[in-house]
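Counting convention: from 1, in listed order, for ligands and their atoms alike.
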Amino acid sequence: NGIRMIGVPVDLGQEQRGVDLGPGALRYAGLSARLSELGYIVEDIGNLPVPVRDVLGAERELRYLPSIRQVCDTVYQAGRSAVTQGVMPIFMGGDHSMAIGSIGGVTDEEPSAVIWVDAHGDYNTPESTLTGNIHGMALAALLGEGFPELVNVGRVGAKLHASDIILIGLRELDPQEKLRLRGSGIKAYTMRDIDERGMAAIAHEALGRLAHRTRLHVSLDLDGLDPLEVPGVGTTAPGGITYREAQLLMEIIADSGLLRSMDIVEINPILDHSNRTAKIAVELAASAFGASIL
Ligand code: ARG
Ligand code: MN
Ligand code: MN
Ligand code: MN
């Protein structure tokens, strides 16, 4: 029973400084020890090479697309290696752009599903984006839309079908992104759905929809949680998932027995209070990998 921690200190998919420090924050919050306690053999392979934005001056107007492509290729290969070696990768971001590589890498063979926890859809294309930030295009790229450099990371073409993905925690979409998502066939649970129906009902329904898959990847963008509870994120949106709701979601995911890999992204320690966001992320990862209260 092996878990492999893979650091991806990429901050090129967005503009705030600090999200590249996420892997360190998760290590200092004790991710490795917490998972070892659960009985896993945990291996931390350190950080993958990521260019530092301060020395990429000329790429700025390209929104760092060449470097993000390169990083995602490396992440993809790390994901493939983990899967073929039979260990479960946890990708420690970094911003959400790295999920193009991580999810691509873990979805090669078996029928796979993704639960994407986020305030945002990350479903922009170069045409629909208002910011130009590539972290807001990650899900679209995985579905085969947008920059070919991103769509073709690792292997050519789309890595997921719309029916493979469930979004949970949505509350902030750009106007064109909203229209695109409506027409996409992706199942999305918004904050309204969570408020009306409760997280338990949503988590069980989501897993029911994905039941015919053999692998589940959880892509946890910490900005899906409420910024009052996790202040250390760059793209905050008020009114998010509570810590308790997120815990319950992770516990129900653990019960499914499907979880094989995870991203923990968008932690920005510079904006945080005493590493609280990474500590909460560690507790959520522990629950997803089977920790129980009693
Ligand atoms: N929709 C906005 C954009 O395209 C925000 C994206 C936020 N994404 C994230 N991974 N935090 O820039
Ligand atoms: Mn995101
Ligand atoms: Mn987000
Ligand atoms: Mn603050």
Side-chain angles (χ1 to χ4, degrees), residues 8-22 60 62-65 68 71-72 75 91-104 114-143 145-147 150 160 165-182 184 186 188-191 194 217-241 246 249 262-272 277 280-281 284:
V8 189
V10 64
D11 67 349
L12 304 171
Q14 48 84 61
E15 281 146 320
Q16 296 245 24
R17 303 313 303 268
V19 74
D20 55 316
L21 303 173
R60 181 149 190 254
L62 301 173
R63 311 313 295 231
Y64 306 105
L65 179 60
I68 291 172
V71 167
C72 286
V75 176
F91 301 90
M92 305 181 289
D95 71 59
H96 221 158
S97 65
M98 62 136 224
I100 300 168
S102 63
I103 293 175
V114 174
I115 292 182
W116 187 289
V117 179
D118 209 319
H120 310 98
D122 294 347
Y123 197 55
N124 273 307
T125 61
E127 292 73 39
S128 74
T129 180
L130 298 179
T131 63
N133 294 334
I134 287 177
H135 76 161
M137 307 179 190
L139 188 57
L142 286 162
L143 281 153
E145 301 171 85
F147 291 122
L150 302 178
L160 296 170
I165 307 154
I166 293 182
L167 297 177
I168 300 182
L170 277 191
R171 56 194 183 279
E172 197 171 85
L173 296 167
D174 301 317
Q176 290 303 314
E177 183 186 31
K178 186 191 278 199
L179 297 177
R180 284 173 36 71
L181 198 56
R182 280 185 190 152
S184 70
I186 296 171
Y189 295 99
T190 65
M191 288 314 301
I194 296 170
H217 177 95
V218 170
S219 200
L220 175 62
D221 181 334
L222 270 297
D223 72 33
L225 274 72
D226 197 292
L228 293 172
E229 297 191 85
V230 292
V233 297
T235 331
T236 55
I241 298 171
L249 172 60
M262 187 167 188
D263 305 315
I264 305 175
V265 300
E266 300 283 346
I267 295 174
N268 189 326
I270 286 179
L271 304 174
D272 207 2
T277 300
I280 283 181
L284 294 176

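For atom 12 (O) of ligand 1, the closest heavy atom belonging to the protein is Thr131 OG1, 2.6 Å. Summary of contacts: the protein heavy atom closest to atom 8 (N) of ligand 1 is Asp122 OD1, 2.7 Å. Distance from atom 11 (N) of ligand 1 to its nearest protein heavy atom, with residue and atom name: Asp223 OD2, 2.9 Å. When hydrogens are left out, the protein atom nearest atom 4 (O) of ligand 1 is Asn124 ND2, 2.9 Å; that is the closest non-hydrogen contact. Looking at atom 5 (C) of ligand 1, its nearest protein heavy atom turns out to be His120 CD2, 3.9 Å.
Contacts with ligand 1 closer than 4.0 Å are made by no heavy atom of Leu173, backbone or side chain. Using a 4.0 Å cut-off between heavy atoms, His135 contacts ligand 1 through both its backbone and its side chain. Residue-level proximity to ligand 1 for Asp95 is absent, since no heavy atom of it falls below 4.0 angstrom. Residue contacts with ligand 1 for Asp221 involve side-chain atoms from C-beta outward but no N, CA, C or O (heavy atoms, distance under 4.0 Å).
Contact check for Asp174 versus Thr131: no side-chain heavy atoms found under the 4.5 Å cut-off. Looking only at side-chain heavy atoms (C-beta outward), Leu181 and Leu167 come within less than 4.5 Å of each other. Here the side chains of His120 and His135 are not in contact, with every heavy-atom distance at 4.5 Å or above. Put simply, the side chain of Leu139 does not reach to within 4.5 Å of the side chain of Val114, judged on heavy atoms. For the pair Met191/Ile241, a side-chain contact is recorded, criterion being any heavy-atom separation below 4.5 Å from C-beta on.
No donor-acceptor pair under 3.5 Å is formed between the side chain of Glu266 and the backbone N or O of Asp223. Arg63 places no side-chain N or O within donor-acceptor distance of the main-chain N or O of Ile134, the cut-off being under 3.5 Å. At least one donor-acceptor pair under 3.5 Å links the side chain of Arg171 to the backbone N or O of Pro238.
The ligand atoms of ligand 1 that sit less than 4.0 angstrom from a heavy atom of Glu266 are 9 (C), 10 (N), 11 (N). Heavy-atom proximity to Thr235, at under 4.0 Å, picks out these atoms of ligand 1: 7 (C), 11 (N). In summary, the atoms of ligand 1 found under 4.0 Å from a heavy atom of Gly136, numbered by their order in the structure, are 4 (O), 6 (C).
On a distance-only criterion, Asp174 and ligand 1 share at least one N/O pair closer than 3.5 Å.
Counting all heavy atoms, side chain and backbone alike, Leu143 lies closest to Leu160 at CD2-O, 3.3 Å. Looking at every heavy atom in both residues, Ser97 comes nearest to Val10 through OG-CG1, 4.2 Å.
Listed by chain and residue number, the protein N/O/S atoms under 2.8 Å of the Mn ion (ligand 2) are His96 ND1, Asp118 OD2, Asp122 OD2, Asp221 OD2, with waters left out.
The side-chain contact (heavy atoms from CB on, under 4.5 Å) test with Leu21 singles out one residue from Ile270, Asp272, Asn268, Asp11, and that residue is Ile270.
For the ring-ring contact (aromatic ring centres under 6.0 Å, His included) test, residues two or more places apart in sequence or in another chain that qualify with His96 are Trp116.
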